[in-house]
There are 2 protein chains.
Amino acid sequence: MTPRRREPLSRDRVVASALALVELHGVEALSMRKLAAELGVEAMSLYNHVANKDDVLDAIAEVVFADVALPPPTADWRVDARALADAFRAAALAHPRTASLSLARQLGYPAVPVTEAALDVLARAGFDPEQAVHASRTLLAYVIGTLLREIGSGPPDETREPALVATGLPRVAEAARHLAVCHHEAEYRFGLDLVLDALALRAVGAAGGPSAR
Amino acid sequence: MTPRRREPLSRDRVVASALALVELHGVEALSMRKLAAELGVEAMSLYNHVANKDDVLDAIAEVVFADVALPPPTADWRVDARALADAFRAAALAHPRTASLSLARQLGYPAVPVTEAALDVLARAGFDPEQAVHASRTLLAYVIGTLLREIGSGPPDETREPALVATGLPRVAEAARHLAVCHHEAEYRFGLDLVLDALALRAVGAAGGPSAR
DNA sequence: GGATTCCACTTACGGCGTAAGCTTGTCAAC
DNA sequence: GTTGACAAGCTTACGCCGTAAGTGGAATCC
């Protein structure tokens with residue numbers, strides 16, 4: 001009576017399953033056979049919809065950038081820059097294991113709208129196109145560096161602080177209490193403010209106000 | 001007459017060969033069998049010296065940090081901070097393919113001396129231990145983000161600029177000329193100066209001068 | 001000289017990505 | 001209603017992979 005035993009396979013279904021598997025068990029656990037099994041199908045059937053395994057990995061990496069919810073512009077470019085960085089960060093943290101893939105691979109076309117938004121913010125801040133490219137890359141480098149640390153760090157580890165003290169290095173021992181913990185969110189904000197402050201200085205110097213430099 | 005047909009295997013020789021292979025052909029091309037062949041030995045013999053493949057990868061990732069040539073302190077903390085960042089960057093670029101491994105994995109004990117140096121620089125800049133931890137992580141996040149882009153980007157691609165213009169996005173099209181090229185060194189310096197400027201402001205506000213905030 | 005220890009070797013297993021070919025269900029054209 | 005083409009599943013097979021388990025010969029110590 002059921003007209004169809006199951007949903008037909010499709011590239012989208014394959015990619016969605018792959019993303020789910022990677023988030024559950026990590027990239028290294030993804031195999032074409034397990035992916036097929038997840039979809040109730042044999043491995044080779046996947047090749048009717050994707051070119052090969054690398055194609056699958058590329059596809060799930062792109063999803064992360066496609067998921068960046070670009071914030072609408074306001075009158076204040078600093079607010080917008082922060083919102084854009086936050087949106088990028090949120091998209092990455094929504095799929096952390098896939099995000100490390102996305103960040104490592106070269107950012108392809110799905111990242112272009114993000115670039116557009118960044119360049120627009122920085123143009124409104126007063127940068128000319130060339131400076132805006134440099135500034136956007138600086139901002140992105142910081143956000144990505146932060147994300148990499150956050151994604152890579154496992155659960156809190158009780159043994160880290162004593163181990164750091166035991167190194168005998170004075171500055172490390174002195175700061176061991178702070179090195180052992182990771183307030184990722186707060187640290188991200190600290191550095192982001194810092195970078196934005198610096199960009200604001202450069203923007204003023206470049207175009208807007210009468211300030212020095 | 002030769003007392004020994006060949007050098008005996010050792011963990012160091014295995015790790016050195018693995019590093020060389022990874023730099024030549026990439027991580028994904030490293031297998032225990034090829035590594036053994038490179039050493040004139042069968043695959044299973046490697047397991048007398050390393051625990052497993054992951055152990056090998058950890059070991060080569062550590063080499064990168066071990067190779068950071070920590071610069072001697074001077075009287076100017078900004079000079080020292082820049083020198084430290086440069087040294088880190090140089091070590092990573094000396095083994096680019098291994099470095100992406102190192103940066104992705106959580107930075108382990110070989111990275112501790114680098115942390116010590118960073119904290120020392122920032123303490124001399126006037127940060128208290130907690131602020132110094134935040135500041136060093138910000139600085140490192142920027143340097144790592146930059147490195148990731150530089151390492152990930154392949155050779156220059158002639159077709160990128162027209163492709164960017166063709167997206168129809170106004171800011172991207174306007175800046176396509178600058179987005180298509182990668183002056184990695186110059187861009188690294190631009191952002192590093194920017195971050196250091198911002199850190200200098202915070203340092204003054206935190207401890208040294210009579211300035212505001 | 002016999003025992004012990006080291007270390008490379010052989011064999012084997014299960015899992016991997018995917019090339020090549022086969023089967024089956026669907027549907028348009030006659 | 002039959003036929004033929006095609007899409008999309010399945011099966012088989014190959015050569016890789018990491019590594020568990022066991023073998024054998026040389027060097028080292030009593």
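Throughout, a chain's letter reflects where its sequence line sits, starting with A, and its residues are numbered from 1. Only heavy atoms go into these numbers, but all of them, side chains included; no hydrogens, no water, no symmetry mates.
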Engineer: E42(B) CD to dG22(D) C1': how many Å, rounded?
Structural biologist: 16 Å
Engineer: Would you say K34(B) places a side-chain N or O within less than 4.0 Å of OP1 or OP2 belonging to dC16(D)?
Structural biologist: no
Engineer: Less than 3.5 Å apart, any donor N or O on the side chain of S153(A) or H184(A) sitting next to an acceptor on the other?
Structural biologist: yes
Engineer: Within this structure, what is the NE2-to-P distance between H25(B) and dC17(D), rounded to whole angstrom?
Structural biologist: 13 Å
Engineer: With under 30° as parallel and over 60° as perpendicular, where do the rings of Y142(A) and Y188(A) fit, or are they tilted in between?
Structural biologist: parallel
Engineer: Just to be sure I understand the rule, does S45(A) reach a base, reach only the sugar-phosphate, or reach nothing, if contact means heavy atoms closer than 4.0 Å?
Structural biologist: base
Engineer: Quick check: any donor-acceptor pair below 3.5 Å linking the side-chain of R33(A) to the base of dG15(C)?
Structural biologist: no
Engineer: Counting only side-chain nitrogens and oxygens, does H49(A) get under 4.0 Å of the OP1 or OP2 atom of dA7(D)?
Structural biologist: no
Engineer: I need the single residue from T98(A), L101(A), L21(A) that forms a side-chain contact (heavy atoms from CB on, under 4.5 Å) with V27(A). Which is it?
Structural biologist: L101(A)
Engineer: Mark yes or no for a side-chain to base donor-acceptor pair under 3.5 Å between N52(A) and dG17(C), with no hydrogen or angle criteria applied.
Structural biologist: no
Engineer: Send over the distance from D54(B) CG to dG18(D) C1', rounded to a whole Å.
Structural biologist: 11 Å
Engineer: Evaluate side-chain contact (heavy atoms from CB on, under 4.5 Å) for T115(A) paired with L164(B), printing each intermediate quantity in order.
Structural biologist: CA-CA 11 Å; T115(A) 303; L164(B) 287 170; over 6 Å; no
Engineer: Can you check the D55(A) CG to dT18(C) C1' distance for me, whole Å?
Structural biologist: 14 Å
Engineer: I want to verify a distance call: between dT12(D), dA8(C), dG9(D), whose nearest atom is closest to the M44(A) side chain?
Structural biologist: dT12(D)
Engineer: CG of L46(B) versus C1' of dC6(C): gap in Å, rounded?
Structural biologist: 16 Å
Engineer: Can you identify which nucleotide, out of dC16(C), dT18(C), dG9(D), has its nearest atom closest to the N48(A) side chain?
Structural biologist: dG9(D)
Engineer: For the side chain of V41(B), starting at C-beta, report the closest nucleotide among dT12(D), dT19(D), dA8(C).
Structural biologist: dA8(C)
